[in-house]
Amino acid sequence: MNYNPNIITISVLAGAGGDDAKDWAKMLLRMYSRYADLKNWKKQLVNDITLELRGEGAYSRLKEESGVHRLVRISPFDAKQLRHTSFALVEVLPELPDIEARHVQIPEKDLKIEFYRAGGPGGQNVNKVETAVRVVHLPTGVVTSSQVERSQALNRERALKLIKAKLVQLMEEKHEKEISNLRVKVKPEWGHEIRSYVLHPYKQVKDHRTGLKNSRVEEILGGNLDLLLEKKVK
């Protein structure tokens with residue numbers, strides 16, 4: 001499949017870890033948003049867990065962010081100030097052009113489409129009309145949603161395009177030729193992490209695939225991902 005290497009969506013889903021995991025997912029999404037700012041890329045929040053980024057070579061720079069990210073820290077949600085470990089799953093997808101998206105056929109029976117009221121600031125239809133759309137691919141459990149567009153039809157189109165891009169990527173990963181052969185991907189929990197961010201008892205980010213370590217955790221979480229990525233993209 002052809003794709004646009006300069007337009008990507010990044011979704012961050014909370015995994016094991018309760019409130020800490022939900023907070024960790026937000027921290028990661030904020031990290032990618034700030035990285036886009038540093039690169040002067042355009043960005044748009046598609047829903048509460050997904051960013052669309054537009055910038056030269058965006059996919060090649062960030063595609064290896066896909067996977068499970070682990071955080072170790074003193075939990076701000078624990079009254080006893082104990083150390084907690086939490087997980088989040090990052091998904092990076094290139095934009096699937098319209099002409100390619102039309103070639104991806106998904107049986108209607110495999111899709112569950114839900115409508116809900118868009119949240120967040122702005123727009124006359126916020127919290128009044130069910131314009132936001134969530135799409136679930138039932139065989140795999142893959143979920144996408146969109147609430148950024150003004151109409152239900154446009155949000156449905158965007159959510160369907162996103163789910164097709166996810167399924168195409170999953171097919172490529174599993175070397176499958178048919179969408180019907182796909183199954184659920186890795187779960188965000190112990191044993192699957194690609195990178196660990198430790199804030200206590202020491203500070204270090206470690207990429208488990210390359211062995212690369214960096215102690216400048218706050219800078220990285222603040223958006224300076226090039227501290228980890230620059231060696232990969234040169």
Side-chain angles (χ1 to χ4, degrees), residues 8-38 43-53 62-93 114 116 118-121 132 134 136 140-147 162 166 170 184-229:
I8 62 173
T9 57
I10 296 184
S11 298
V12 186
L13 299 88
D19 289 337
D20 274 285
K22 294 176 183 178
D23 189 50
W24 175 222
K26 292 178 182 178
M27 290 170 63
L28 284 170
L29 199 66
R30 186 165 58 246
M31 177 181 74
Y32 295 120
S33 177
R34 289 175 177 173
Y35 180 72
D37 291 337
L38 291 174
K43 64 181 183 181
Q44 184 177 41
L45 193 64
V46 178
N47 55 55
D48 56 353
I49 65 167
T50 304
L51 271 175
E52 180 184 87
L53 303 181
L62 293 177
K63 63 182 180 180
E64 292 186 14
E65 291 298 294
S66 289
V68 179
H69 295 239
R70 177 170 70 105
L71 174 68
V72 180
R73 66 171 176 176
I74 299 295
S75 172
F77 305 99
D78 189 331
K80 297 181 179 179
Q81 294 289 289
L82 297 177
R83 188 172 64 186
H84 283 239
T85 299
S86 50
F87 298 84
L89 177 65
V90 175
E91 297 179 334
V92 181
L93 297 169
E114 303 170 329
Y116 60 100
R134 180 184 297 107
V136 183
T140 61
V142 170
V143 181
T144 63
S145 65
S146 176
Q147 62 185 42
L162 274 174
K166 283 191 176 188
L170 191 54
V184 180
K185 293 193 295 184
V186 65
K187 294 183 178 180
E189 56 188 22
W190 284 103
H192 299 294
E193 59 268 27
I194 63 165
R195 190 182 296 153
S196 294
Y197 306 70
V198 180
L199 294 173
H200 186 85
Y202 55 88
K203 294 186 178 182
Q204 182 185 90
V205 177
K206 179 179 180 181
D207 193 302
H208 298 288
R209 299 160 297 181
T210 64
L212 183 67
K213 299 178 182 179
N214 196 303
S215 60
R216 295 158 69 178
V217 187
E218 284 88 353
E219 286 185 60
I220 291 169
L221 290 175
N224 192 0
L225 271 172
D226 281 342
L227 290 173
L228 296 174
L229 302 178

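Given the structure is predicted, the values throughout are model-derived calculations rather than measurements.
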Could you give me the CA-CA distance, side-chain angles and deciding distance for S196 and H208, then say whether side-chain contact (heavy atoms from CB on, under 4.5 Å) is met? CA-CA 8 Å; S196 294; H208 298 288; 2.6 Å; yes
Check step by step if side-chain contact (heavy atoms from CB on, under 4.5 Å) holds for T9 and L51. CA-CA 5 Å; T9 57; L51 271 175; over 6 Å; no
What's the shortest heavy-atom distance between [X] and [Y], and which atoms?
X: A21; Y: A16; result: CB-O, 3.5 Å
X: T50; Y: L45; result: O-CD1, 3.5 Å
X: A25; Y: A14; result: CB-N, 3.9 Å
X: G17; Y: S86; result: CA-CB, 4.2 Å
X: G67; Y: I194; result: CA-CD1, 4.0 Å

Side chains of [X] and [Y]: is there a donor and an acceptor less than 3.5 Å apart?
X: S33; Y: K43; answer: yes
X: R30; Y: Y32; answer: no
X: Y35; Y: N224; answer: no

Using only atom types and a distance under 3.5 Å, with no angle test, would you say the side chain of [X] pairs donor to acceptor with the backbone of [Y]?
X: R209; Y: E64; result: yes
X: S75; Y: R83; result: no
X: N47; Y: S145; result: yes
X: W24; Y: G15; result: no

Determine the sole option in L71, V205, T210, V90 for which the side-chain contact (heavy atoms from CB on, under 4.5 Å) test with R195 is passed. V205
How long is the span from the [atom1] atom in [X] to the [atom2] atom in [Y], to the nearest 0.5 Å?
X: E65; Y: E91; atom1: CD; atom2: CD; answer: 13.5 Å
X: T85; Y: D20; atom1: OG1; atom2: CG; answer: 9.0 Å
X: I74; Y: L199; atom1: CD1; atom2: CG; answer: 9.5 Å
X: I8; Y: L93; atom1: CD1; atom2: CG; answer: 9.0 Å
X: F87; Y: H69; atom1: CZ; atom2: NE2; answer: 12.5 Å
X: L62; Y: L229; atom1: CG; atom2: CG; answer: 6.5 Å

Take I220 and L227 through the test side-chain contact (heavy atoms from CB on, under 4.5 Å) and record every step on the way to the result. CA-CA 7 Å; I220 291 169; L227 290 173; 3.9 Å; yes
Salt bridge or not for D23 and R73, using N-O below 4.0 Å?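 Looking at R73 together with D23, the answer is yes, because their closest N to O distance falls below 4.0 Å.
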Using a strict 4.0 Å threshold on nitrogen-to-oxygen distance, state whether K213 and D207 make a salt bridge. no
For K26, check salt bridge (Lys or Arg N to Asp or Glu O under 4.0 Å) against everything at least two apart and list the hits. none
Would you check if K203 and E218 make a side-chain contact, meaning some heavy-atom pair closer than 4.5 Å?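 When only atoms from C-beta onward are counted, E218 and K203 do touch, with a gap below 4.5 Å.
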Measure the shortest side-chain to side-chain distance between L212 and K206 over non-hydrogen atoms and say whether it is less than 4.5 angstrom. no
With sequence neighbours excluded, residues passing side-chain contact (heavy atoms from CB on, under 4.5 Å) with V143: R134, V136
May I have the step-by-step check of side-chain contact (heavy atoms from CB on, under 4.5 Å) for Y197 and V72, ending in yes or no? CA-CA 6 Å; Y197 306 70; V72 180; over 6 Å; no
